[in-house]
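Report on one structure; see the data block that follows.
Worth saying up front: this structure is predicted, and the values here are computed from it rather than measured. Chain A is the first sequence line, chain B the second, and so forth, proteins listed ahead of strands; every chain is numbered from 1.
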Amino acid sequence: MLANKEDLYNIITSDTLTYHQKLMSLGNAAERLFNPMELLGYTQEEWDYINNQMICDLNEGYAIYRPRYIIPDYSVYMKNGCKFLDLPAPKDLDEALDGLLILYSHVPSITTYPVFIGHLDMLLDPFVKDEQQDYIKIKRFLNHIDKMIPDSFCHANVGPKDTLAGRLILKAVIELQNPTPNMSIKYNKETTSREFAELAAKACLLVSKPSFANDEYYKSDLGDYALASCYNALPLAGGAYTLTRLRLGTIAKGASSTEDMVNHLLPKVAKLALSTMDKRHRFLVEKSNYFKTDFLTKEGFLKRDNFTSMIAIVGLADAVNHFLALEGISETFGSSTRGDEIATMIMEKLKEVNDNHEGVYVERTKNRYLLHAQVGAGLHEEDKNNTPAHRVKVGQEPMLLDHLKQSAPFHKYFPSGTGDLFAFDQTYVDHLDAVVDIIDGAFALGYRYITTYLKNTDLIRVTGYLVKKSEVEKYRKGEVVLRDTTWYGSQTDDNAQVFDRSLRDEANVAGK
Amino acid sequence: MLPESKLEEIYVKLHRIIPFSNVEGQGNRCSIFLQGCNINCLYCHNPETIPADDEHAKVVSLAYILNEIKKSMPFIRGITVSGGEPTLHYKKLVPLFIEVRKLGLTCYLDSNGFFDFEKIKELIEVTDKFLFDIKGVGRGLEHLCFDLKNVKGEESKNEVEKPSYMSQNIENLGKLLPLGKIEEVRLVHIKGFYDAYKTVDAIACVVKDYPEVLFKLIRVHGKGARDEAFITSKMPSVQEHEALAEYAKGIGLQHIVVIN
């Protein structure tokens, strides 16, 4: 969407934005002052399909001057320090924590805040000497991050190995109950100890993080990788230039039949989205000079050729429901065999179109962009017709066992990330072994990523990031709030009722 | 070994199957509730499973049950057969357990311990673990658990004949422990029917040499019981319950979970 001077004025005079939120919004609007047909060479047709909402560029901006998601290899700092910041390699935990905080404030992203802050346990474990003292330091560090980076797309990784640093981090995360940082545990049944997995499961129930990432699966797809932002799996020392979404629910409404969708409209729209991505990458790499100027690249935290890009979907459920209705079938996605068939045809076609597209500047992922199951947003009225990712619509979820089995086959399509969430009742806190069994089962069936939380907590996972329900209430009353993710959480709940996901209590798992 | 086809020909009365359960032994398990019990505990939370028949129970083949179990895979590490009293079906469960173990799943029994050890020996062999109830000690149990005529499960002063098997369960526990077949021992703490301290003494006497065995001390509640008000009136206070748990720890039951 193009911006204008009036947008700038409205941001400047807003009574609900903090200073930093205004600055960030002004920056984004400035990028959208440029017409992409002139600046990037978008065709009229590409632009039309952005404007009819079938393609959504997430308002990333057209005059792009940094990649959307940056995944620095922070071990470079541990080994070499940082010349640009005049920081020597850290010698103890204090220096390591201090240095990381300094680095974070220099890592760009689409949100202006870092979306990846490192494999924290691996980075810190060599410095952990005194469990009690070091716990206090790690907890203070994590709390500092929550207040300094008011954006819960900021994501830390732990695991797969069980370390003292990892345990201290999880303990602190449970105590702090902060939305930021978001967190994933790279989990591998073979290399992660059962105790560490159960501690992570406990934290996940109590404070909605870390989520569990199928380490073996992601490693086989991506090599060295990290989980960033919501649950985006991206190459380490690289990241993603852009994320462009296909609103499948919106595209479906423009198709006359399932066949028309799969064979005509969907491939057409997907190709247009992919070609806009090519143009965005060219501008970023060739014109913006980002990779020439940033010290992260110069000093080896990043390499340009480790970057890839994400072509994402939302609204698979809405598209399928639309075609089920057209076919005269009174079932809904999640509990419909035909529905799963339609969904599979849509995903197979998308995979085929994407596999056949020669990407630009994405050597690391074999010159292909990566499919991603995006968690939703509230940028336009149309987002109400597009359920996050390939998820079942809230209110149409089948019972837990059926839900896990229904969703598992769709994970394979999304090497740059997908995930499902399940709200559990309180009894599971006393039965973490059962939670980890469910996670093991999900991974055995091809799940990439799974997260759980207790429904009755204040800190809740919206779709891929965390918000405090109490902070959303403040925002809805028109008060100024610290975190930008609170805005998104509020919008997503308005659109997708994500605060009301089906509770997996005894009655639900029993299928009553 | 019976081939799977044989499972088609063996029928049991099934009350219900819960695909995922986190409270019937370690990990996530598929729970199978069979119809019929040999005792009649007044506080029973599933009293509809006590009679030999019930309108909600259905006769199904073991093949049907095996198929239902497979549906819960790979999310479960095993099954727990409960009831009613599952050992009543001791002959039929043997071929089922043999097949279930072939799937790499463990087989648990949730039992009140009132069974003839020799008679069900074959079932014990194919059972990985028991979740084992101790109901209490002394003659008060006659009213609490053995008044089989008290179908309404109400407070009653009927004369009850002491059944010959009343002390069978602690003996059975003593035999199963050295075989490594016990995962947890449970006591539902209720006032007025048995001496809780003497009961804990009796449990500790056999269990304390097996520190890996969990002792689950559950404070009775009336929810689901037939005479809810009466059972509620027999609830120990939280303090009384905690005091009993402390006592149990003191006499060597270290691995305790207290459920209030």
### Query
Out of A:I438, A:D440, A:L445, which one pairs with B:P74 under the side-chain contact (heavy atoms from CB on, under 4.5 Å) rule?
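That would be A:L445.
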
Should the heavy atoms of other residues, nucleotides or ligands under 6.0 Å from [atom1] of [X] be counted, would the total exceed 12?
{"X": "A:K161", "atom1": "NZ", "result": "no"}
{"X": "B:E48", "atom1": "CD", "result": "yes"}
{"X": "A:E131", "atom1": "CD", "result": "no"}
{"X": "A:K412", "atom1": "NZ", "result": "yes"}
{"X": "A:K202", "atom1": "NZ", "result": "no"}
{"X": "B:K181", "atom1": "NZ", "result": "yes"}

Nearest 0.5 angstrom please: [X] [atom1] to [Y] [atom2], how far?
{"X": "A:F424", "Y": "B:N22", "atom1": "CZ", "atom2": "CG", "result": "9.0 Å"}
{"X": "A:H431", "Y": "B:R29", "atom1": "NE2", "atom2": "CZ", "result": "13.0 Å"}
{"X": "A:D402", "Y": "B:K71", "atom1": "CG", "atom2": "NZ", "result": "8.5 Å"}

### Message
Can you give me the closest heavy-atom contact between A:K405 and B:M73, atom names plus distance?
### Response
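Taking every non-hydrogen atom into account, CE-O, 4.1 Å.
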
#### Entry: Criterion side chain to side chain contact (heavy atoms under 4.5 Å, CB included) on B:I76 and A:D437, from CA distance to verdict
CA-CA 6 Å; B:I76 52 167; A:D437 281 358; over 6 Å; no

### Task
Check the pair A:L404 / B:F20 against side chain to side chain contact (heavy atoms under 4.5 Å, CB included), numbers first and verdict last.
CA-CA 12 Å; A:L404 287 162; B:F20 287 0; 4.0 Å; yes

